[in-house]
Amino acid sequence: MEMEMLLTKFEAYLRTEEKSESTINKYLHDVREMLVFKGQSCLSKEMLMQYRGYLSRQCRAQTVNGKLSAVNAYLKCMGLEAHKVKFLKVQKRIYMDEKRELTEQDYRRLLETASRTGKTRLYFLMLVLYGTGIRISELPYVTVEAVYQGNAEISMKGKYRVIIFPRNLVKQLKEYTRDADIKSGCIFRTKSGRCLDRSNICHSMKKICQEARVDQSKVFPHNFRHLFAKSFYAIEKNLAHLADILGHTSIETTRIYVASSLKQYEKVMNRMKIAIDIKGPQNNHSVVFSPS
């Protein structure tokens, strides 16, 4: 009972901090795990350092740090900031894992499959995710009114930005809303009229992966945002502009979105003229230099 009271207080705190529903749910889950680990022992920095060690043996470093973010927020809520523990140091990833990278070919196969199997809502949803680069949490701002205006004004967590709909996307969305008899408000909604959430969308996407011949591990809403970023950057190589469009406060976050894959890195290395011919008076051979 005491744990539930603490979590209720923490949830109220997160709402005053204007955290999203997905963040609130995650933080509550992560803090509950910490409290279970704590058991009857005292909540102290030493205990939390032990918990960090326990997590590091169970999870990847990024996952550990995500859980520690929730714990540190809880400590702030409870006035126990002196007990905060440091995150694990993670080396910056400079290459994209191509096994999890959604390609334009994958995207086209997903669209073709959704269209052929009559999954019209999913078809247009994927068009919007790739065509605008929005976060899935911003989908409620894609309204009939916004489409006719040509842009969506997004205001979340004290941040404001404008998302532009490309002209060809506007034309298709207008046709879709007319055919689906959606006259106002959120375009992508359930049968009961509620806006689609992350779980609805992920489930729909996963269902067509096999027929589309696309690995399920590649297909989730945020990967369409990554694909948008890479496609945009390929045309206009302006990282600062892309950061503004994506709504990133740090340009370093944007760098991750446009990171090259290891295969691209390998292609560049193979184009380097590493072998050169050296012909002297006493020898006639080539010398091969390897990059350090």
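All values derive from a computational prediction rather than experimental measurement.
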### Donor-acceptor contact below 3.5 Å, side chain Tyr141 vs main chain Ser155
yes
The reported gap from CG in Asn151 to CZ in Phe165 (rounded to nearest 0.5 angstrom) is 7.5 Å
Q) Among the clusters formed by ILVMFWY side chains lying less than 4.5 Å apart, do Tyr233 and Ile235 turn up in the same one? A) no
I'd like to know whether Glu21 forms a side-chain contact (heavy atoms from CB on, under 4.5 Å) with Asp197, so could you lay out the CA-CA distance, the side-chain angles of the two residues, the decisive distance to 0.1 Å, and finally the verdict. CA-CA 11 Å; Glu21 284 299 318; Asp197 60 26; over 6 Å; no
From the list Leu7, Leu6, Leu75, side-chain contact (heavy atoms from CB on, under 4.5 Å) with Val31 holds only for Leu7
task: Check whether any side-chain heavy atom of Phe188 sits under 4.5 Å from a side-chain heavy atom of Val128, and report yes or no.
output: yes
Practice problem: Begin from the C-alpha positions of Lys183 and Asp181 and carry the test salt bridge (charged side-chain N to carboxylate O under 4.0 Å, His left out) through to its verdict. | Solution: CA-CA 6 Å; Lys183 294 183 170 58; Asp181 196 30; 2.3 Å; yes
Derivation of the side chain to side chain donor-acceptor pair (under 3.5 Å) call for Thr103 and Asp106 = CA-CA 5 Å; Thr103 66; Asp106 295 328; 3.0 Å; yes
* Asked: Is any side-chain heavy atom of Tyr74 less than 4.5 Å from a side-chain heavy atom of Leu43?
  -> yes
Please tell me if the side chains of Val147 and Thr177 come closer than 4.5 Å, counting only heavy atoms from C-beta onward.
-> no
Can you check whether Pro221's main-chain N or O pairs, donor with acceptor, with Arg225's side chain at less than 3.5 Å? no
d(Glu101 CD, His226 NE2) to nearest 0.5 Å is 10.0 Å
| query | Can you tell if the side chain of Glu104 reaches within under 4.5 Å of the side chain of Leu227, non-hydrogen atoms only? | reply | yes
Decide if atom NZ of Lys38 counts as having more than 12 heavy atoms of other residues, nucleotides or ligands within a radius under 6.0 Å. yes
**Message:** Could you check whether any side-chain heavy atom of Gln58 comes within less than 4.5 Å of a side-chain heavy atom of Thr63, counting everything from C-beta outward?
**Reply:** no
Basic-acidic side-chain contact under 4.0 Å: Glu211, Arg109 = no
- prompt: According to a 4.5 Å side-chain heavy-atom criterion applied to Ile, Leu, Val, Met, Phe, Trp and Tyr, with indirect links allowed, do Ile245 and Val162 form part of one hydrophobic cluster?
  reply: no
Answer yes or no: are there more than 12 heavy-atom neighbours, outside Arg194 itself, under 6.0 Å from its atom CZ?
-> no
NZ (Lys67) and CZ (Arg52) are apart, to the nearest 0.5 Å, by 15.5 Å
query: Shared ILVMFWY cluster between Val214 and Phe220, side chains joined below 4.5 angstrom?
result: no
Distance-only polar pair, side chains of Asn72 and Ser69, donor-acceptor under 3.5 Å = no
- [ ] Give a yes or no on whether Glu46 atom CD has more than 12 heavy-atom contacts from other residues, nucleotides or ligands under 6.0 Å away.
- [x] no
Practice item. Using the six-membered ring wherever Trp is involved, compare the ring planes of Tyr51 and Phe37 and label them parallel, tilted or perpendicular (cut-offs 30° and 60°). Key: tilted
query: Is there side-chain contact between Val85 and Val71, with heavy atoms separated by less than 4.5 Å?
result: no
- Crowded around Lys45 NZ? As in, over 12 foreign heavy atoms under 6.0 Å? yes
One should read off an interatomic distance between Leu110 CG and Tyr107 OH, to the nearest 0.5 angstrom, of 9.5 Å
**Prompt:** Does Met49 CE have over 12 foreign heavy atoms under 6.0 Å away?
**Reply:** no
Donor-acceptor pair, Arg161 side chain versus Ile154 backbone, under 3.5 Å? no
*Any chance NZ of Lys171 has more than 12 other-residue heavy atoms, nucleotides or ligands included, within less than 6.0 Å?*
no
Rounded to the nearest 0.5 angstrom, the CD-CG distance for Glu33 and Asp30 is 6.0 Å
Paired with Met126, the side-chain contact (heavy atoms from CB on, under 4.5 Å) test is passed by just one of Met205, Arg121, Lys119, namely Met205
| Are any non-hydrogen side-chain atoms of Leu246 and Phe228 less than 4.5 angstrom apart? | yes
Inset, instruction - Measure from the side-chain N and O atoms of Asp244 to the backbone N and O of His241, and report whether any donor-acceptor pair falls under 3.5 Å. - result: no
- request: Anything under 30° is parallel, anything over 60° is perpendicular, the rest tilted; go ahead and classify Phe10 against Tyr27.
  value: parallel
Report yes if some heavy atom in the side chain of Tyr176 is under 4.5 Å from a heavy atom in the side chain of Tyr123; otherwise report no.
no
Using only atom types and a distance under 3.5 Å, with no angle test, would you say the side chain of Arg198 pairs donor to acceptor with the backbone of Ser22?
no
* More than 12 heavy atoms of other residues, nucleotides or ligands under 6.0 Å from NZ of Lys86: is that the case? -> no
_Quick one: does any side-chain atom of Asn223 pair with a main-chain N or O of Val219 as donor and acceptor, under 3.5 Å?_
no
Got a donor-acceptor contact below 3.5 angstrom from the Ser115 side chain to the Glu112 backbone? no
Between the CG atom in Leu139 and the CG atom in Leu125, the distance rounded to the nearest 0.5 Å is 6.0 Å
Exercise for review: Flag yes if more than 12 heavy atoms outside Tyr148 fall under 6.0 Å of its OH atom; otherwise flag no.
Suggested key: yes
I'd like to know if Lys84 pairs up with Glu81 as an ion pair, taking the criterion as any Lys NZ or Arg NE/NH1/NH2 lying under 4.0 Å from an Asp or Glu carboxylate oxygen.
yes
